[in-house]
Amino acid sequence: MSLLAPVFLRVAIDTPLDSFFDYRFSLRDEAGALLPVPVVGSLVLIPFGSQQITGIVLQILQETTVPAEKIRDVLAVRPQLPPLGEEWLALARFAAEYYQRPLGEVVLPSLPKNLKAIKTVALDRALKKLSKLTAAPASAPVAQQEASLNAEQAAAVAAVTEGQGFVPRLLFGVTGSGKTEVYLQAAARILAQSATAQVLILVPEINLTPQFETHIRHRFPGLMLATLHSGLAEGERLLHWLSAHTGAARIILGTRLAIFASLPDLQLLIVDEEHDPSYKQQEGLRYSARDLAVWRARQRQIPVLLGSATPSLESWHAVQHGRYQLSELSQRAVQDAVLPIVKIINLEKEKPSEGLSQRLIAAIRLRLEKGEQSLLFLNRRGYAPVLSCDACGWISQCTRCTANLVMHKGDHRLRCHHCGLEQRIPRACPTCGNIDLQPLGRGTQRLEETLAAMFPEARVFRIDADSTRLKGSAAAAFERVHEGEVDILIGTQMVAKGHDFQRLTLVAALNPDAALFSQDYRASERLFAQLMQVAGRAGRRAQAEGGNASEVYVQTRYPDHPLYHALMAHNYRHFAADMLAEREQAQLPPYMYQALLRAEARELQTALDFLQQAAACMPHPMITINDPIPMTMTRVANRDRAQLLIESASRPALQAFARLWITELRSWKSRVKWSLEIDPVDI
DNA sequence: AGCACGCCGACT
DNA sequence: GTCGGCGTGCTC
């Protein structure tokens with residue numbers, strides 16, 4: 001083999017085509033100088049059709065079966081970037097295989113845009129900046145001002161840090177039981193064990209990164225921390241990603257996308273609020289960051305800590321079956337703090353006015369008198385979910401979706417929350433001309449208006465996606481609440497997570513019933529977690545301060561529902577046992593594995609026909625193929641959607657089937673847009 | 001998925 | 001006579 005012969009690079013690129021592409025790489029440049037052979041994991045700039053794109057080198061080949069006339073030359077390699085490692089590629093390969101997507105569609109979207117740009121100015125600048133920061137004196141990663149731990153916390157920290165190899169562990173503890181302290185001290189010990197060790201901490205929401213970041217910076221001064229989430233500007237994102245990739249960052253804090261960070265010496269993974277649905281990506285590669293965290297830990301034979309007050313039934317099931325270890329924090333860690341008292345208000349007996357029962361109004365008034373905060377949780381933004389005409393029965397419907405247009409009073413608009421369609425609120429009914437149109441139902445805006453009128457002396461404040469649309473305004477809004485500038489806080493699920501408000505002693509869920517009877521069998525699991533979580537916002541204050549225990553009010557038409565009883569008793573174990581028994585009885589996950597084939601087309605029937613053919617094309621003894629059904633929200637943005645659920649008791653069988661099935665469906669070259677999701681969560 | 005090439009309707 | 005509709009075919 002002559003040294004002058006070119007080599008061929010097998011490259012993965014971001015395309016739905018499930019194949020790799022081979023390119024020629026000449027070992028001599030135009031001047032005749034010898035070039036080093038590129039390394040697997042390098043990024044390369046290549047011509048692709050009429051475009052120039054960036055791909056990643058998977059293999060170096062001496063020859064290729066691709067006809068010579070088709071082969072094209074690599075345009076450039078990116079030598080300044082240390083190549084992505086084998087271990088990272090193995091993670092991407094696993095995700096691609098497990099979720100049944102082309103490898104390039106996993107790898108390339110997970111990299112910062114500036115890394116893939118044709119021009120390397122941004123990359124060069126970031127690398128230069130990074131080299132200055134490491135140059136900074138590396139202080140010993142000794143934790144500062146550690147809080148003292150109770151026995152359960154200490155046991156959890158010891159168990160995490162003294163275990164050998166891959167140990168998945170569930171940290172089960174109510175809000176306020178001190179999970180964060182366990183994370184920080186476990187991280188401190190792991191970081192102290194070597195000068196290069198890295199710890200990855202995942203949080204469910206971008207809103208939670210700032211306060212977590214503050215904790216970490218305070219606790220580990222001088223240690224490089226990288227945050228990774230979708231809110232970063234491209235420049236920051238590249239810098240942070242590079243600091244993780246080069247090993248300079250020792251703690252990496254991020255949302256689900258951070259699970260794909262390149263981390264050369266990862267030694268501990270922490271997934272906070274592991275049950276949170278946000279860990280599931282709901283478009284493109286539909287991965288579970290929680291599940292991938294466990295996979296990464298197994299791959300590297302390191303501990304992974306999954307924390308929650310209301311663990312996912314999957315994780316709880318794994319504990320019951322001995323696949324995960326359990327560390328429990330059974331007490332609130334703050335001295336004298338007690339669990340809030342949960343009170344159920346029967347809306348059939350206590351008729352609400354403007355959505356508020358008299359008892360709840362009285363409870364709010366009491367808090368105002370004592371200078372304490374109340375939080376009203378209503379998971380519905382806008383003024384009213386629909387506008388209607390009493391005279392003819394017209395209601396505000398989206399013309400493009402199977403959904404109502406939501407009334408937004410502030411900017412006088414009707415808005416579809418699914419496709420973004422907007423129009424002015426009509427002066428009169430579009431069908432009969434009646435000028436007296438009625439908002440039906442209640443959203444956070446209307447509630448805000450009601451409370452402001454009811455308590456003119458109170459500072460009423462609303463936090464939802466509408467009120468925090470501008471970048472950075474969510475952080476400012478939470479800050480306002482923390483500073484005590486708010487008496488009554490109204491919020492959607494945004495306020496349910498993570499934030500601890502010191503003067504908050506009343507939490508109310510105004511209208512949580514809808515989830516009880518949802519078609520989605522996971523809805524009650526989510527509702528329970530959400531209510532436990534929002535309840536956890538209250539009662540952090542020590543009783544010793546002279547206050548009574550905090551209160552949580554739940555307004556419901558179904559006061560005897562077992563979910564609310566479990567909530568009153570703060571009894572996750574009981575709830576989980578019931579739910580798992582139900583799931584086993586009904587043969588649902590985690591006792592069964594599922595995949596969901598979705599199809600969309602202009603006409604519903606086209607989508608259903610496609611699914612019907614898919615259902616019939618490959619019978620398999622170990623796979624249950626259900627009937628195609630229209631999705632609950634059939635039409636979104638003028639596309640009709642339908643789905644087909646397949647199930648199996650065997651994960652390998654489901655995987656093998658899905659692989660063959662996808663190959664078959666691809667070969668049809670149908671014009672129906674379709675996708676297959678493994679382990680779907682929103683059914 | 002992009003993007004080009006290619007063959008039929010309403011415009012300067 | 002051209003601009004542009006989206007059908008189909010390809011991408012190392």
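Within every chain, numbering begins at 1; the chains are lettered A, B, ... in the order of the sequence lines, protein sequences first and strands thereafter. Reckoned from all heavy atoms, side chains included, excluding hydrogens, waters and symmetry mates.
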**Q** How close or far is atom C1' of B:dG2 from atom CZ of A:F21, stated in whole angstroms?
**A**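 After rounding, the gap between these two atoms is 12 Å.
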**Q** Rounded to whole Å, how long is the line connecting atom CD of A:Q52 with atom P of B:dG2?
**A** 17 Å
**Q** Of the listed nucleotides (C:dC12, B:dA1, B:dA4), which one gets closest to any side-chain atom of A:F48?
**A**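 Among the listed nucleotides, the one closest to the side chain of A:F48 is C:dC12.
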**Q** Could you tell me the separation between the OH atom of A:Y23 and the P atom of C:dC12, rounded to a whole number of Å?
**A**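 Spelled out: OH on A:Y23 to P on C:dC12 is 5 Å.
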**Q** With heavy-atom distances below 4.5 Å as the criterion, would you say the side chains of A:V203 and A:E273 are in contact?
**A** no
**Q** Please give, in whole Å, the distance from C:dT11 P to A:R72 CZ?
**A**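 Checked: the CZ to P distance equals 10 Å.
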**Q** Using whole Å, what does the distance between atom P of nucleotide B:dG2 and atom CG of A:D14 come to?
**A** 8 Å
**Q** Charged N to carboxylate O below 4.0 Å: is that the case for A:D682 and A:R526?
**A** yes
**Q** Taking the six-membered ring for Trp, are A:Y98 and A:F94 parallel (under 30°), tilted (30 to 60°) or perpendicular (over 60°)?
**A**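 Parallel: the ring planes of A:Y98 and A:F94 meet at under 30°.
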**Q** Take atom CD of A:E69 and atom P of C:dC12, then tell me their distance rounded to the nearest Å.
**A** 12 Å
**Q** Have a look at A:L17 and say if it touches a base, only the backbone sugar-phosphate, or nothing, with a 4.0 Å heavy-atom cut-off.
**A** base
**Q** Are OP1 or OP2 of C:dT11 and a side-chain N or O of A:K70 less than 4.0 angstrom apart?
**A**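 Answer is yes, contact under 4.0 Å.
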**Q** Would you mind classifying the nucleic acid contact of A:P47 as base, sugar-phosphate or nothing, using non-hydrogen atoms under 4.0 angstrom?
**A**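 Touches sugar-phosphate only.
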**Q** Specify the separation, in whole Å, of atom CG of A:L58 and atom P of C:dC12.
**A**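 In whole Å, C:dC12 P and A:L58 CG are 16 Å from each other.
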**Q** Whole Å only: how far is the CZ atom of A:R671 from the P atom of C:dG9?
**A**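 Rounding to the nearest Å, CZ of A:R671 and P of C:dG9 are 12 Å apart.
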**Q** Classify A:Q51 by what it touches in the nucleic acid, base, sugar-phosphate, or nothing, heavy-atom distance under 4.0 Å.
**A**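 Since only primed, P, OP1 and OP2 atoms lie under 4.0 Å of A:Q51, the category is sugar-phosphate.
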**Q** Could you list the residues that satisfy ring pair (Phe, Tyr, Trp, His ring centres under 6.0 Å) with A:F166, not counting sequence neighbours?
**A** none
**Q** Of the candidate nucleotides B:dC3, B:dA1, C:dC12, which contains the atom at the shortest distance from the side chain of A:D22?
**A** C:dC12
**Q** To the nearest 0.5 Å, tell me how far A:Y593 OH sits from A:S648 OG.
**A** 9.5 Å
